[in-house]
Amino acid sequence: MVHLRRKVLFSGSFLNQLQKSLRWSSSLKIRDKKVVQPERSFKYADLLVRLAAPHQLQPKPNVSVLSFGKYFTDHMLKVFYYDTLGGWQAPEITPFENLVLHPGAKVLHYAIELFEGLKAYRGIDGKIRIFRPELNMERMNNSAAGSGLPTFNGNELIQCISRLVSIDQEWVPHSTAASLYIRPTLIGIDPTLGVAPADSALLYVILSPVGSYFENNTEAGVSLLADPQYTRAWPGGCGDRKVGSNYGPTIKMVKKATEKGYQQVLWLYGEHNEVTEVGAMNIFMVYINDDGERELVTPPLNGLILPGVIRNSILALSREWNQYKVSERKIHMEEICQLLSENRLLEMFGSGTACVVTPISNIGFMNRDLHIPTLQQSKPIYKKLLKHLTDIQYGYIPNHPWTVTID
């Protein structure tokens, strides 16, 4: 196979747009604390590209059969890190292939790993857009800093990812009901046992064309099981990081929920049943407050929840519109029950990259079902937010600074 070394350069318009996007989002940081600044990083200018041979290319699935994370594209991005070799090595795009790991690799024994999730969308104008990737890079670096893994320059990875998407651009669905899921992953690969920061690591990115996140139609709203016996995250833990150890232990509870006829889990924390997340989504509630006005509220970034990109976007849009009050504070199940009894609870919905915005219709709590009237509202806030966000993602709102267009 011919190994081509290329210095792949984007047009000036791409770089200008990326810089514009970063400037726009600077006031919308996911976290209040200072963004992690890496001491060393790989560089997009050093990118190597090795294209797949014709016999390695896979048939592209029809949009109608797409589920979440079942199919993968023809290429992937890999960047190795070796402390003994000075840190990050040159990034490389290769044919999609299996990874080779030492049986003692830290990722296999101590879950020294993290990942991200973002999407590329084919717009109504045919252009491919990525939604707010700089926030994913910020979150990924914060996760790395807290997991004993090396940090990097997010702008450099965005450019590498964009090149990867451009190579596999025909995998981006020609549909506004589907998208290309982008999964950056960073794992510790030291071939030694022992709980310690990783001296060797692998950052890789794979792409997957996806349809709806939920197998069942969610237009009728999702149903949730809220069981105080199970806790997803706790103060001082890693609930605010995109790490596998946040998700693996939840499978038992998700299975219990589905066996009882619910679609997902509403995670609670503490003796007062503080609401935290919906499965892997952030949660929002709309209600009539004590002053008689509509208020949108979501749990605060207190370490228990993931600082979601869509969460951030919903708050930014809502504050810009200034059509209802917006607040970030704790929500407890007792309050939800009280608001329902007083007919003041209007909507509840989840948000995340995979599902964007999903209405909640039912919560099973303490052996009774709480019917949430999200779908009974004449002009629900969740639907307006969903439309506006997808209009940005699919180019109905062109040249929006929250998108990076791949030329």
### Message
Please enumerate all residues that pass side chain to side chain contact (heavy atoms under 4.5 Å, CB included) together with Lys383, with sequence neighbours excluded.
### Response
Pro380
Student check: side-chain heavy atoms of [X] and [Y] closer than 4.5 Å:
{"X": "Ile305", "Y": "Thr298", "answer": "no"}
{"X": "Ile161", "Y": "Pro133", "answer": "no"}
{"X": "Asp46", "Y": "Trp88", "answer": "no"}
{"X": "Trp171", "Y": "Leu207", "answer": "no"}
{"X": "Leu51", "Y": "Val49", "answer": "yes"}
{"X": "Ile397", "Y": "His388", "answer": "yes"}
{"X": "Leu157", "Y": "Phe152", "answer": "yes"}
{"X": "Lys242", "Y": "Tyr247", "answer": "yes"}

Can you check whether [Y]'s main-chain N or O pairs, donor with acceptor, with [X]'s side chain at less than 3.5 Å?
{"X": "Glu113", "Y": "Gly244", "result": "yes"}
{"X": "Arg294", "Y": "Tyr324", "result": "no"}
{"X": "Gln169", "Y": "Ser166", "result": "yes"}
{"X": "Asn282", "Y": "Leu306", "result": "yes"}
{"X": "Asp190", "Y": "Ser200", "result": "yes"}
{"X": "Thr390", "Y": "Lys387", "result": "yes"}
{"X": "Asn246", "Y": "Cys238", "result": "yes"}
{"X": "Gln263", "Y": "Ser223", "result": "yes"}
{"X": "Ser208", "Y": "Tyr71", "result": "yes"}
{"X": "Gln377", "Y": "Pro373", "result": "yes"}

Strictly by modelled atom types, are [X] and [Y] linked by a side-chain donor-acceptor pair under 3.5 Å?
{"X": "Tyr287", "Y": "Glu295", "result": "yes"}
{"X": "Ser41", "Y": "Asn153", "result": "no"}
{"X": "Gln393", "Y": "Tyr121", "result": "yes"}

### Message
Tell me whether Glu277 is salt-bridged to Arg232, with the criterion being a basic N under 4.0 Å from an acidic carboxylate O.
### Response
yes
### Query
Taking 4.0 angstrom as the limit, do Arg40 and Asp83 come out as a salt bridge?
yes
To the nearest 0.5 Å, tell me how far [X] [atom1] sits from [Y] [atom2].
{"X": "Thr231", "Y": "Trp267", "atom1": "OG1", "atom2": "CH2", "answer": "8.0 Å"}
{"X": "Ile360", "Y": "Leu224", "atom1": "CD1", "atom2": "CG", "answer": "5.0 Å"}
{"X": "Thr358", "Y": "Ile283", "atom1": "OG1", "atom2": "CD1", "answer": "11.5 Å"}
{"X": "Phe131", "Y": "Asn136", "atom1": "CZ", "atom2": "CG", "answer": "9.5 Å"}
{"X": "Phe365", "Y": "Leu268", "atom1": "CZ", "atom2": "CG", "answer": "6.5 Å"}
{"X": "Leu375", "Y": "Ser361", "atom1": "CG", "atom2": "OG", "answer": "6.0 Å"}

### Task
Start with the C-alpha gap between Thr250 and Val265, add the side-chain angles, then the distance that decides, and say whether side chain to side chain contact (heavy atoms under 4.5 Å, CB included) holds.
CA-CA 9 Å; Thr250 69; Val265 176; over 6 Å; no
Return yes when atom [atom1] of [X] has more than 12 non-hydrogen atoms of other residues, nucleotides or ligands closer than 6.0 Å, and no otherwise.
{"X": "Lys60", "atom1": "NZ", "answer": "yes"}
{"X": "Arg368", "atom1": "CZ", "answer": "no"}
{"X": "Lys384", "atom1": "NZ", "answer": "yes"}
{"X": "Lys43", "atom1": "NZ", "answer": "no"}
{"X": "Trp321", "atom1": "CH2", "answer": "yes"}

Got a list of side-chain donor-acceptor pairs under 3.5 Å for residues 338-355, not counting sequence neighbours?
residue : atom : partner : partner atom : Å
Gln338  : NE2  : Glu342  : OE2          : 2.4
Ser341  : OG   : Gln338  : O            : 2.6
Glu342  : OE1  : Arg344  : NE           : 2.9
Glu342  : OE1  : Arg344  : NH2          : 2.8
Arg344  : NH1  : Ile288  : O            : 2.8
Arg344  : NH1  : Asp290  : OD1          : 3.2
Glu347  : OE1  : Ile381  : N            : 3.2
Glu347  : OE1  : Tyr382  : N            : 2.9
Glu347  : OE2  : Ile381  : N            : 2.7

Identify the heavy atoms of [X] and [Y] that sit nearest to each other, and give their distance.
{"X": "Leu186", "Y": "Pro150", "result": "CD2-O, 3.5 Å"}
{"X": "Ile112", "Y": "Ser147", "result": "CG2-O, 3.7 Å"}
{"X": "Thr151", "Y": "Ala144", "result": "CG2-CB, 4.1 Å"}

### side chain to side chain contact (heavy atoms under 4.5 Å, CB included) evaluation trace for Val404 with Arg129
CA-CA 5 Å; Val404 172; Arg129 296 172 173 84; over 6 Å; no
### Task
Could you check His102, Lys106, His109 and say which one makes a side-chain hydrogen bond (donor to acceptor under 3.5 Å, both in side chains) with Thr192?
Lys106
### Task
Quick one: do Met285 and Val275 satisfy side chain to side chain contact (heavy atoms under 4.5 Å, CB included)? Show the steps, please.
CA-CA 11 Å; Met285 179 175 75; Val275 172; over 6 Å; no
Only pairs under 3.5 Å count here: list side-chain donor-acceptor contacts from residues 63-70, not counting sequence neighbours, and write none if there are none.
residue : atom : partner : partner atom : Å
Ser64   : OG   : Asn62   : OD1          : 2.8

### Query
Step by step, would you call Phe96 with Gln56 a side chain to side chain contact (heavy atoms under 4.5 Å, CB included)?
CA-CA 8 Å; Phe96 189 91; Gln56 294 176 298; over 6 Å; no
